[in-house]
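Structure first, then comments.
Side chains are part of it too, since the values below use all heavy atoms of this structure and drop only hydrogens, waters and symmetry mates.
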Amino acid sequence: FTIFSFILDSPSIVNVGPSKIVSAQTYNKTLLTCNAEGNPPPKYQWLQKLQTHDVQIRGYTQQLFIENVTYEHQGEYVCKAINEINGETRSVQSDPITLEVKGAPLVMRYGVQTEIIIEDGQNARLESRFCANPLPEQLWHLGASGDDIILAAGTTHGRFIAEIVRKIPYKKDCYVSTLTINEATPSDSFPYELRLNNAHGTDNYKIDLKVRGKYMSLVNVLETDYYI
């Protein structure tokens with residue numbers, strides 16, 4: 001008779017690819033691959049290490065296929081190979097693959113203000129958040145036509161200040177652009193538009209500013225008192 005001998009092996013990573021650094025453009029596809037050995041044959045996980053130090057599972061197969069790349073996908077990825085020997089889970093992780101994402105500016109449109117209402121004489125602070133690689137040109141368009149005054153980041157015009165962009169913590173290639181209007185008046189009540197442009201494309205965002213005059217504020221108070 002024949003005796004079969006089975007040697008049980010913990011998983012080991014053979015290779016990952018296509019390279020240590022992978023560059024992808026937004027809205028395109030990209031593919032990461034992993035080969036591992038072990039007995040029994042290992043199962044796979046793809047882990048994305050976020051800048052918040054959290055870890056997100058992105059896939060459960062040898063190949064990680066990203067159908068539609070966005071800025072949320074950039075960061076470090078590791079392949080994890082797992083098997084079980086005598087009831088004990090064995091695992092190993094690959095060296096990291098860095099996914100770099102380049103593309104047109106993309107304004108974050110969720111959870112942001114599209115209208116700001118303040119009182120006469122208050123300072124207005126208009127903000128827009130966006131991601132882009134490379135960093136785009138940022139132009140704030142002011143006035144009734146949107147082209148009366150154009151301010152680049154880091155420039156001023158009287159009471160209007162276009163601040164230098166700030167990086168968003170834990171979000172690579174994501175920024176905040178701010179337009180400050182000191183001592184705003186009702187005549188400043190217009191839509192204000194941020195226009196973004198880099199080599200890959202453009203995006204824009206409008207914020208509607210409404211400055212209530214002192215007369216309007218007094219009318220609101222009187223109406224409130226009347227109904228009380």
Side-chain angles (χ1 to χ4, degrees), residues 22-30 48 50-52 56 66-75 99-213 216:
V22 176
S23 182
Q25 192 160 337
T26 50
Y27 310 121
N28 286 353
K29 303 173 183 178
T30 197
Q48 180 186 7
L50 306 177
Q51 292 189 8
T52 58
Q56 182 174 352
I66 303 176
E67 176 78 25
N68 186 28
V69 174
T70 70
Y71 290 107
E72 296 293 330
H73 289 112
Q74 66 183 343
L99 177 60
E100 296 180 346
V101 177
K102 297 181 179 180
L106 179 64
V107 173
M108 301 179 187
R109 287 178 163 80
Y110 49 86
V112 297
Q113 287 183 308
T114 57
E115 182 181 75
I116 295 177
I117 302 175
I118 63 172
E119 303 296 335
D120 188 359
Q122 290 184 328
N123 294 341
R125 190 172 177 85
L126 285 59
E127 291 189 341
S128 177
R129 298 181 171 223
F130 65 90
C131 299
N133 184 17
L135 181 67
E137 178 185 50
Q138 312 117 47
L139 298 176
W140 281 96
H141 288 245
L142 289 55
S145 68
D147 293 316
D148 294 350
I149 302 172
I150 300 175
L151 290 182
T155 64
T156 65
H157 180 83
R159 297 178 293 108
F160 300 85
I161 304 170
E163 299 179 10
I164 296 175
V165 292
R166 309 188 313 274
K167 289 186 176 181
I168 299 177
Y170 307 117
K171 277 189 171 290
K172 181 176 169 57
D173 297 325
C174 294
Y175 308 87
V176 181
S177 179
T178 304
L179 175 69
T180 299
I181 306 172
N182 292 323
E183 299 179 356
T185 68
S187 63
D188 298 324
S189 298
F190 293 110
Y192 292 80
E193 183 179 20
L194 174 66
R195 298 181 189 177
L196 304 166
N197 175 64
N198 69 10
H200 299 288
T202 64
D203 201 358
N204 62 80
Y205 194 66
K206 284 187 178 181
I207 303 175
D208 193 16
L209 175 65
K210 294 182 179 178
V211 183
R212 298 191 297 190
M216 184 59 67

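For the pair Glu137 and Arg195, the salt-bridge criterion is not met [side-chain N within less than 4.0 Å of a carboxylate O]. Ion pairing of Glu183 with Arg159 is absent here, as no side-chain N (NZ or NE/NH1/NH2) approaches a carboxylate O to less than 4.0 Å.
The SG atom of Cys174 lies 10.0 Å from the CG atom of Asn133; values are rounded to the nearest 0.5 Å. Atom OG1 in Thr156 sits 11.0 Å away from atom CG in Leu179 (nearest 0.5 Å). Here Asn68 contributes atom CG and Asn28 contributes atom CG; the two are 8.5 Å apart, rounded to the nearest 0.5 Å. Note that the CD1 atom of Ile150 and the CD atom of Glu193 stand 10.0 Å from one another [nearest 0.5 Å]. To the nearest 0.5 Å, atom OG1 of residue Thr26 and atom CD of residue Glu72 are 12.5 Å apart. Atoms OH and OG, from Tyr192 and Ser128 in turn, are 15.5 Å apart once rounded to the nearest 0.5 Å.
At least one donor-acceptor pair closer than 3.5 Å links the side chain of Gln138 to the backbone N or O of Pro136. For Gln74 (side chain) and Lys172 (main-chain N/O), a donor-acceptor pair under 3.5 Å exists by modelled atom type. No donor-acceptor distance shorter than 3.5 angstrom exists from the side chain of Thr180 to the backbone of Arg125, with no hydrogens or angles considered.
Between Gln48 and Leu99 the shortest side-chain heavy-atom distance does not fall below 4.5 Å. Counting heavy atoms from C-beta outward, Tyr205 and Thr114 have side chains that approach closer than 4.5 Å.
The aromatic rings of Phe160 and His157 are tilted relative to each other, their planes meeting at an angle between 30° and 60°.
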Can you check side-chain contact (heavy atoms from CB on, under 4.5 Å) on Leu142 and Leu151, steps first, answer last?
-> CA-CA 8 Å; Leu142 289 55; Leu151 290 182; 4.2 Å; yes

Verify side-chain contact (heavy atoms from CB on, under 4.5 Å) between Ile207 and Gln113, making sure each step is shown before the conclusion.
-> CA-CA 7 Å; Ile207 303 175; Gln113 287 183 308; 5.6 Å; no

Decide side-chain contact (heavy atoms from CB on, under 4.5 Å) for Phe190 and Leu209; before the verdict, give the C-alpha distance in whole Å, the side-chain angles of both, and the deciding distance to 0.1 Å.
-> CA-CA 6 Å; Phe190 293 110; Leu209 175 65; over 6 Å; no

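Here the closest heavy-atom approach between residue Pro134 and residue Asn198 is recorded as O-ND2, 2.9 Å. When all heavy atoms are compared, the tightest approach of Asp120 to Ala184 is OD1-O, 3.2 Å.
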Can you list, pair by pair, the side-chain donor-acceptor contacts under 3.5 Å of residues 100-110, counting residues two or more places apart and other chains?
{"unit_1": "Arg109", "atom_1": "NH1", "unit_2": "Asp203", "atom_2": "OD2", "d": "3.2"}
{"unit_1": "Arg109", "atom_1": "NH2", "unit_2": "Asp203", "atom_2": "OD1", "d": "3.2"}
{"unit_1": "Arg109", "atom_1": "NH2", "unit_2": "Asn204", "atom_2": "O", "d": "2.5"}

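Identified under the ring-ring contact (aromatic ring centres under 6.0 Å, His included) test for residues 170-189, with sequence neighbours left out: Phe130-Tyr175.
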